[in-house]
Protein chains: 4
Amino acid sequence: MVKKPAPDATRRSEKSRRAIYAAALALVGEVGYPKTTVEAIAARAGVGKQTIYRWWSSKADVLLEAFLDLSAQAAQEAGQEPYVIPDTGDLAADLKTVLRITVDQLLDPRFEVPSRALAAEGVLNEQVGREFVERLLEPQLQLYVSRLRSAQDSGAVRGDVDPRIALELFVSPLAQRWLQRTGPISYDYTDTLVDYALRGIAPR
Amino acid sequence: MVKKPAPDATRRSEKSRRAIYAAALALVGEVGYPKTTVEAIAARAGVGKQTIYRWWSSKADVLLEAFLDLSAQAAQEAGQEPYVIPDTGDLAADLKTVLRITVDQLLDPRFEVPSRALAAEGVLNEQVGREFVERLLEPQLQLYVSRLRSAQDSGAVRGDVDPRIALELFVSPLAQRWLQRTGPISYDYTDTLVDYALRGIAPR
Amino acid sequence: MVKKPAPDATRRSEKSRRAIYAAALALVGEVGYPKTTVEAIAARAGVGKQTIYRWWSSKADVLLEAFLDLSAQAAQEAGQEPYVIPDTGDLAADLKTVLRITVDQLLDPRFEVPSRALAAEGVLNEQVGREFVERLLEPQLQLYVSRLRSAQDSGAVRGDVDPRIALELFVSPLAQRWLQRTGPISYDYTDTLVDYALRGIAPR
Amino acid sequence: MVKKPAPDATRRSEKSRRAIYAAALALVGEVGYPKTTVEAIAARAGVGKQTIYRWWSSKADVLLEAFLDLSAQAAQEAGQEPYVIPDTGDLAADLKTVLRITVDQLLDPRFEVPSRALAAEGVLNEQVGREFVERLLEPQLQLYVSRLRSAQDSGAVRGDVDPRIALELFVSPLAQRWLQRTGPISYDYTDTLVDYALRGIAPR
DNA sequence: ATATAATCGAGACGGTACGTCGGGTCTTATA
DNA sequence: TATAAGACCCGACGTACCGTCTCGATTATAT
């Protein structure tokens with residue numbers, strides 16, 4: 001097998017990389033994911049197609065990294081705040097707070113369009129899906145795990161409950177309504193989810 | 001605007017329709033959704049491309065109807081059994097039973113490949129998504145609503161609980177793990193979901 | 001070999017035939033021969049496609065008959081006058097007169113477009129070409145043969161000359177200029193042709 | 001109006017161009033012009049369709065250039081001989097010689113099929129027609145003009161004769177018989193044409 | 001400071017599939 | 001039985017992008 005010589009990452013053009021991210025995100029926002037083409041990204045970024053194929057394996061790959069970059073930037077800009085779940089001692093209130101922020105994000109077009117595109121791609125394309133989950137979704141879910149563990153320590157959640165499963169009781173319903181449009185999304189809705197879920201995992 | 005005259009549905013070839021459904025499902029199973037092309041469906045079905053474009057608007061549309069047809073057929077063949085949730089009086093047991101059947105279905109390649117494809121398409125394409133939910137997903141979810149209502153009547157579920165939301169506590173986690181591969185799927189897992197969820201919606 | 005049962009000509013719809021001729025000629029005039037389709041002829045004539053294919057073998061065939069019909073009609077309307085070459089005793093004058101009429105016809109769009117289309121078709125399609133020559137061109141050329149024979153009788157043309165070849169000296173140059181656009185067409189030009197042909201180009 | 005940026009001719013693939021010419025000529029020879037498709041040319045040439053559409057506007061355009069190329073090659077191979085009309089002092093003999101060569105060419109399938117196709121296309125398509133005449137036909141006709149001018153100098157042709165018209169007396173009849181199949185083509189025939197044209201058909 | 005080797009913008013290339021058009025056949029219901 | 005209507009199978013159209021492949025023209029170290 002003839003292996004292609006790996007490109008020399010140290011000589012990579014930072015300017016091009018950024019332009020490609022920007023072009024990819026802009027195009028996905030403007031024309032949607034399926035109509036976004038590698039050719040158009042290259043043209044919009046003022047970049048040769050080969051420069052894209054040299055560093056990424058596919059359109060999905062470009063968008064994944066572009067979105068990760070966007071998320072990282074957003075995180076830095078916002079300080080760290082939204083990325084830790086508050087621990088005021090009132091578990092229900094803390095979860096409701098965080099889920100309301102998530103609701104806002106899910107309805108913000110700046111995030112919605114690319115993340116919906118990546119989610120869709122990930123449903124079909126296992127590789128993209130795993131990377132999407134591993135690098136974006138799971139780290140966020142782990143924050144819930146931590147918060148639930150802390151709640152177990154303080155006695156607000158039964159000790160025999162598996163936090164990784166428990167969090168799905170309120171996170172997954174929201175995710176499904178958003179992904180598959182099985183119902184409307186609102187603060188009321190997420191509040192209700194937390195109420196229903198907590199009574200189940202709380203000791204009597 | 002020039003509107004194309006609607007084709008005369010009474011003269012439609014039933015044989016072609018069936019051949020197209022079969023070809024579409026077979027191809028999606030064999031090469032996956034993205035590599036399934038309208039051209040290949042037509043060729044495999046022994047049909048002109050125009051016959052596909054005359055009756056459907058897109059590859060997604062064909063697959064949606066093919067899958068609906070498959071589901072309807074499966075329903076008829078199976079009598080009605082899997083399509084009503086049993087009511088033995090033991091809510092937890094009944095839900096666990098049905099969810100185990102769902103787990104089996106989700107892992108059966110015959111259903112998994114096309115339904116995953118449709119789900120992915122529906123994430124991006126709102127029209128497909130809505131149709132998918134309306135004609136396939138929601139009818140199944142309504143079965144849970146009925147069963148939960150019956151449980152409310154018998155006192156096994158609190159009366160102030162919204163059954164349409166409550167069902168998401170155990171259905172959505174399973175759906176998300178399947179769609180986004182956020183975790184493994186098993187009987188144990190769904191049993192646990194039912195346990196966690198029920199204690200929350202059951203009266204103290 | 002399975003032979004198709006010949007259609008019963010006695011039951012043929014005269015109205016349809018005429019409508020097809022009219023539609024074919026109109027379309028060729030409006031959009032040109034290559035863009036004239038059997039489908040469009042049928043639609044414009046208010047006729048089923050099968051009715052065309054039942055009686056004609058091809059688009060060229062339809063147009064050929066439509067044009068012959070048109071020519072026949074034109075002949076009847078005009079009495080017989082333009083279809084006999086005058087014989088005033090002055091051969092040169094007579095030929096010049098007729099050729100000037102031909103020039104007019106060649107520049108009249110009503111005749112030019114369809115006859116150009118048929119000529120082109122006939123260049124490639126031997127069957128159409130032969131029919132075109134046999135039923136339209138040759139009969140007209142024979143008129144020149146007659147006139148030249150008469151001139152031979154009166155001593156205006158040498159007796160050892162083959163009239164069928166001689167007529168080409170002035171007819172073919174005009175035909176070629178028209179068909180292939182190798183030069184402009186005018187009364188002067190045809191007059192000159194007659195002069196050269198009759199006297200020759202070598203000095204006496 | 002959105003104009004497509006002209007392709008960069010300096011980067012054009014010479015190999016592809018040649019393969020396309022060869023494929024076009026071969027196909028026209030094998031299946032005839034109307035059944036020759038751009039798709040088939042591309043396939044036979046081992047070339048993408050876009051490569052054809054990038055450089056030519058139509059099937060006719062491809063064939064025109066292919067044929068011009070063929071003619072140019074034939075000219076080079078043959079030295080210069082057939083492309084100058086001999087001047088032995090005997091005008092009639094010289095013309096008969098050249099016309100006999102033309103007869104041979106017209107009956108040689110290698111040239112006949114594509115040139116007939118181009119002629120037919122040129123009858124309908126003015127652009128193709130003009131190019132065909134300008135780049136192929138007229139240059140050859142100009143050779144006759146030169147020879148006739150030389151004959152005028154030597155007194156073999158009257159000085160008041162227009163050579164561009166005079167040449168049509170023997171060239172056009174041959175052309176028409178070939179194009180429209182109005183009669184057989186032979187050495188005898190062309191010899192006769194030269195005789196008639198030079199001496200006229202009227203008695204001295 | 002210069003060589004030199006890789007990346008870069010550009011875009012032509014061989015392909016695959018698109019969605020449309022029209023050819024010629026076949027079916028259905030009127031007349 | 002011929003007809004108007006039009007669905008059907010098929011093949012080609014001309015276009016859009018794919019991912020690969022040259023091309024000079026910049027870089028950006030490593031001499």
Side-chain angles (χ1 to χ4, degrees), chain A residues 4-13 15-16 19 35-43 45-55 57-59, chain B residues 4-5 7-13 15-16 35-43 45-55 57-59, chain C residues 4-5 7-13 15-16 19 35-43 45-55 57-59, chain D residues 4-5 7-13 15-16 19 35-43 45-55 57-59:
Chain A
K4 207 154 291 177
D8 180 347
T10 66
R11 310 200 48 172
R12 183 169 181 182
S13 161
K15 204 175 65 171
S16 294
K35 289 193 168 174
T36 295
T37 66
V38 172
E39 214 147 64
I41 294 172
V47 140
K49 277 204 286 181
Q50 199 55 248
T51 301
I52 294 186
Y53 284 111
R54 199 180 349 259
W55 302 110
S57 65
S58 65
K59 172 174 78 162
Chain B
K4 211 152 287 180
D8 181 346
T10 68
R11 307 190 43 187
R12 182 167 182 183
S13 162
K15 205 175 66 174
S16 294
K35 289 195 170 172
T36 295
T37 67
V38 173
E39 213 145 67
I41 294 173
V47 141
K49 274 204 283 179
Q50 203 56 253
T51 298
I52 294 184
Y53 285 111
R54 194 173 2 251
W55 303 109
S57 63
S58 63
K59 174 174 76 162
Chain C
K4 209 152 289 177
D8 179 347
T10 67
R11 311 198 47 173
R12 183 169 180 183
S13 161
K15 204 176 66 174
S16 294
K35 288 193 170 174
T36 295
T37 67
V38 172
E39 214 147 63
I41 295 172
V47 139
K49 275 205 283 180
Q50 199 53 248
T51 301
I52 295 185
Y53 285 111
R54 203 182 341 264
W55 302 110
S57 65
S58 65
K59 174 172 74 162
Chain D
K4 212 150 285 179
D8 180 346
T10 66
R11 307 189 44 186
R12 184 167 181 182
S13 161
K15 204 175 66 173
S16 294
K35 289 194 170 172
T36 296
T37 67
V38 173
E39 213 144 66
I41 295 172
V47 142
K49 274 204 282 180
Q50 204 56 251
T51 298
I52 295 185
Y53 285 111
R54 189 163 16 242
W55 301 111
S57 64
S58 64
K59 175 174 75 162

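Each chain gets a letter, A, B and so on, in the order its sequence line appears, and its residues count up from 1.
- Among the heavy atoms of the strands lying under 4.0 Å from D:R12 are primed sugar atoms or P, OP1, OP2 only; no base atom is included.
- Position along DNA chain E of the nearest nucleotide to A:S13 versus D:S13 favours A:S13 as the more 5'-ward residue.
- Residue C:K35 contributes atom NZ, which lies 14 Å from atom P of E:dG23 at whole-angstrom precision.
- Here F:dA7 presents its C1' atom at 13 Å from NZ of B:K15, a figure rounded to the nearest Å.
- Across the protein-nucleic acid pair, D:Y53 atom OH and F:dC17 atom P stand 18 Å apart, rounded to whole Å.
- Minimum heavy-atom separation, D:W55 to D:D8: CH2-O, 3.6 Å.
- Residue-to-nucleotide proximity on DNA chain E shows that, of D:Q50 and C:T37, the 5′-proximal contact is made by D:Q50.
- Shown here for B:A42 and B:G48, the closest heavy-atom pair between the two residues is CB-C, 4.2 Å.
- For E:dC8, one of the phosphate oxygens OP1 or OP2 lies less than 4.0 angstrom from a side-chain nitrogen or oxygen of A:R54.
- Rounding to the nearest 0.5 Å places CD of D:Q50 at 10.0 Å from CD1 of D:I52.
- The interatomic distance linking B:K59 (NZ) with E:dA17 (C1') rounds to 10 Å, in whole Å.
- Rounded to an integer number of Å, the gap from A:I52 CD1 to E:dG11 P is 15 Å.
- Here the nucleotide nearest the side chain of A:R11, chosen from E:dT20, E:dG24, F:dA28, is F:dA28.
- Distance, D:D8 CG to E:dA10 P: 13 Å, rounded to whole Å.
- Residues C:K59 and C:T36 come closest through the heavy atom pair CD-O, 3.0 Å.
- The shortest distance between the side-chain N/O atoms of B:S16 and the OP1/OP2 oxygens of F:dA7 is not below 4.0 Å.
- Side-chain nitrogen and oxygen atoms of D:T51 include none within less than 4.0 Å of the OP1 or OP2 phosphate oxygen of E:dA12.
- Annotation: of the two residues near DNA chain F, C:A42 and D:T36, the 5′-most nearest-nucleotide partner is C:A42.
- Atom OG1 of B:T51 sits about 12.0 Å away from atom NZ of B:K49, to the nearest 0.5 Å.
- Looking at which nucleotide of DNA chain F each of B:W55 and D:E39 is closest to, the 5′-most match is held by B:W55.
- B:K49 comes within contact range of at least one nucleobase, with a heavy-atom separation under 4.0 Å.
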